[in-house]
Amino acid sequence: MKQALHLQLKSFINLPSSSRNLRIGTLISFRVCTMGSKRLISNSSLPVSFEDKKEKKLKGLVGTNSTSEKENGVKSSSVEFERFKDDPARIEAMTVQELRATLRSVGVPAKGCKRDLLNALKCFAEKKIDGKTSLTVEEQSSFSAENISVKCSDKDFSKEDCVEDVNTDLEVPGLPQHKGRVKKSGTEGSIIKFNTKRVTKKQNLSIRCDEGSGGMVLDTKRKVSSKIVHEVVNADEGVMPVIQTEPWTVLAHKKPQKGWIPYNPKTMRPPPLTRDTRYMKLMSWNVNGLRALLKLEGFSALQLSQRENFDVLCLQETKLQEKDVENIKQCLIDGYENSFWSCSVSKLGYSGTAIISRVKPLSVRYGLGISDHDSEGRLVMAEFDSFYLLSGYVPNSGDGLRRLSYRVTQWDPSLSNYIKELEKSKPVILTGDLNCAHEEIDIYNPAGNKRSAGFTDEERQSFGTNFLSRGFVDTFRRQHPGVVGYTYWGYRHGGRKTNRGWRLDYFLVSESIADKVYDSYILSDVGGSDHCPVGLILKL
């Protein structure tokens, strides 16, 4: 093996320069063979031609040409699939062993329970019967795409500079997950365009992508921009992976109703107000740990403030202790000298809320004034000329719904009574993580979360009874009645990439100022937390 490796390596080194314009697929095959791996990276090559340096461009193409052996296997199974067309019930009647044997005969991974095998075979059968081509994911394969074009920035580069690693985690509906590594050509700052009929459900690319005009796209699980390949969900056909850099712009819901559309801030936000219009721009964000956010590579609070130009920023789940507050205040951006922090004292490094403002408030209060509710730093109130603003972090009912009773029988009624008392003197704006997806449109999978904290019948009823029924308006839902927009995506299942989220963050306002709301919006592209910011523009 070592001798063979030496011979191949030597022959490669001694190649004339004109012969070194090797295809990346050749390098991949060479690398895999020397490692003794049995994986099928791709039976096709990835031709890459290096143009003259004056051109300073790299063009790559990845194809998925099947081997003759696979083609023969597919042809031999065509009669069987025609039988499936005539009698679809035959698939359902197949045993697990028969399903696996059939899938393996056409090169489709045959792992998982019977339901997974059925889905995989049905998917393949439908594609074959319709005469459509589909992306075939080889068993233990790492990545396969039909077309990848790479455009590089204009700068000199060596051949060694043109190789980057792409780490991919593959999931195809109904198929098991596979992992692997391949080489892909490109340089730093590349703009990558993928054209495929079906691709993977999850991908993590260890490359940097241009941030574009948004600039504030982050992901705490990766030290790279989150503007990468994403999946979207077509509810009519189940899960259908496609290439999407902005997953929130495509409808993702288990059971969407007629007329529902996805929230797209690029097309649904109104034009900016004129300079002679008086207004305040408020923003709210559950940061899931402020110190961790500020340490996150690539995050810039200054860049966010410049882009959004907010007047007041409300924070939840800061997880700060009182001893941390002064250091944080020293880091505040110029112009936001007014900041007010409430920290948990019963459990350190937990919960916590804040209000950071350009405008100095008339007065500030902390908590509800009830000792049983005020030890976790869940509420800050700032009084301005024309309204009260509250940054709130409603208790989560927790695992096993252990705090459900406390939340719906004590906290919600107490908060409701508090803001109604404030409302006697001026309108109230309540914002923050209210930990409730009020309607089925506010959660990707309503049926599967009936007894999940944040979507129980008790919490939803309490939300309606204590807030909406008492004269407070859900500003986003009033402005966008049939729009699916989420503000929270759990880390556990990578929900942000697939836009399988919840809308837990709100701006609720007194009915008396609801007509003054110019825009209630979601900043879906801002990462760094499992929540994204929400905003409100209020005319004064």
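Values below: all heavy atoms of this structure, side chains included; hydrogens, waters and symmetry mates excluded. This structure is a prediction, so every number in the text was calculated from the model and none was measured.
Between the side chains of Trp248 and Asn264, no donor N or O sits under 3.5 Å from an acceptor N or O. Side chains of Ser462 and Asp412: a donor on one and an acceptor on the other come within 3.5 Å. Looking only at atom types and distance, the side chain of Ser284 has a donor-acceptor partner in the side chain of Gln316 under 3.5 Å away.
Using bins of under 30°, 30° to 60° and over 60° for the plane-to-plane angle, the ring pair Phe310/Tyr336 lands in the tilted bin. Using the six-membered ring where Trp is involved, Phe463 and His438 have ring planes that are tilted, between 30° and 60° apart. The aromatic rings of Phe299 and Trp285 sit tilted relative to each other, their planes meeting at an angle between 30° and 60°.
Within the structure, salt bridge (charged side-chain N to carboxylate O under 4.0 Å, His left out) pairs that include any residue of residues 393-402 do not occur (at least two apart or interchain).
A salt bridge (charged side-chain N to carboxylate O under 4.0 Å, His left out) with Glu440 is found for exactly one of Lys255, Arg503, Lys450, namely Lys450. If you run side chain to side chain contact (heavy atoms under 4.5 Å, CB included) between Lys319 and each of Asn288, Val287, Leu290, only Asn288 comes through.
In this structure, His480 NE2 and Ile441 CD1 are separated by 11.0 Å, a value rounded to the nearest 0.5 Å. Note that OH of Tyr486 and OH of Tyr444 are 8.0 Å apart. Values are rounded to the nearest 0.5 Å. A distance of 7.5 Å separates CD in Glu459 from CG in Asn396, rounded to the nearest 0.5 Å.
Atom CD of Gln461 sits in a sparse spot, with 12 or fewer heavy atoms from other residues, nucleotides or ligands closer than 6.0 Å.
The aromatic ring centroids of Tyr350 and Tyr393 lie 6.0 Å or more from each other.
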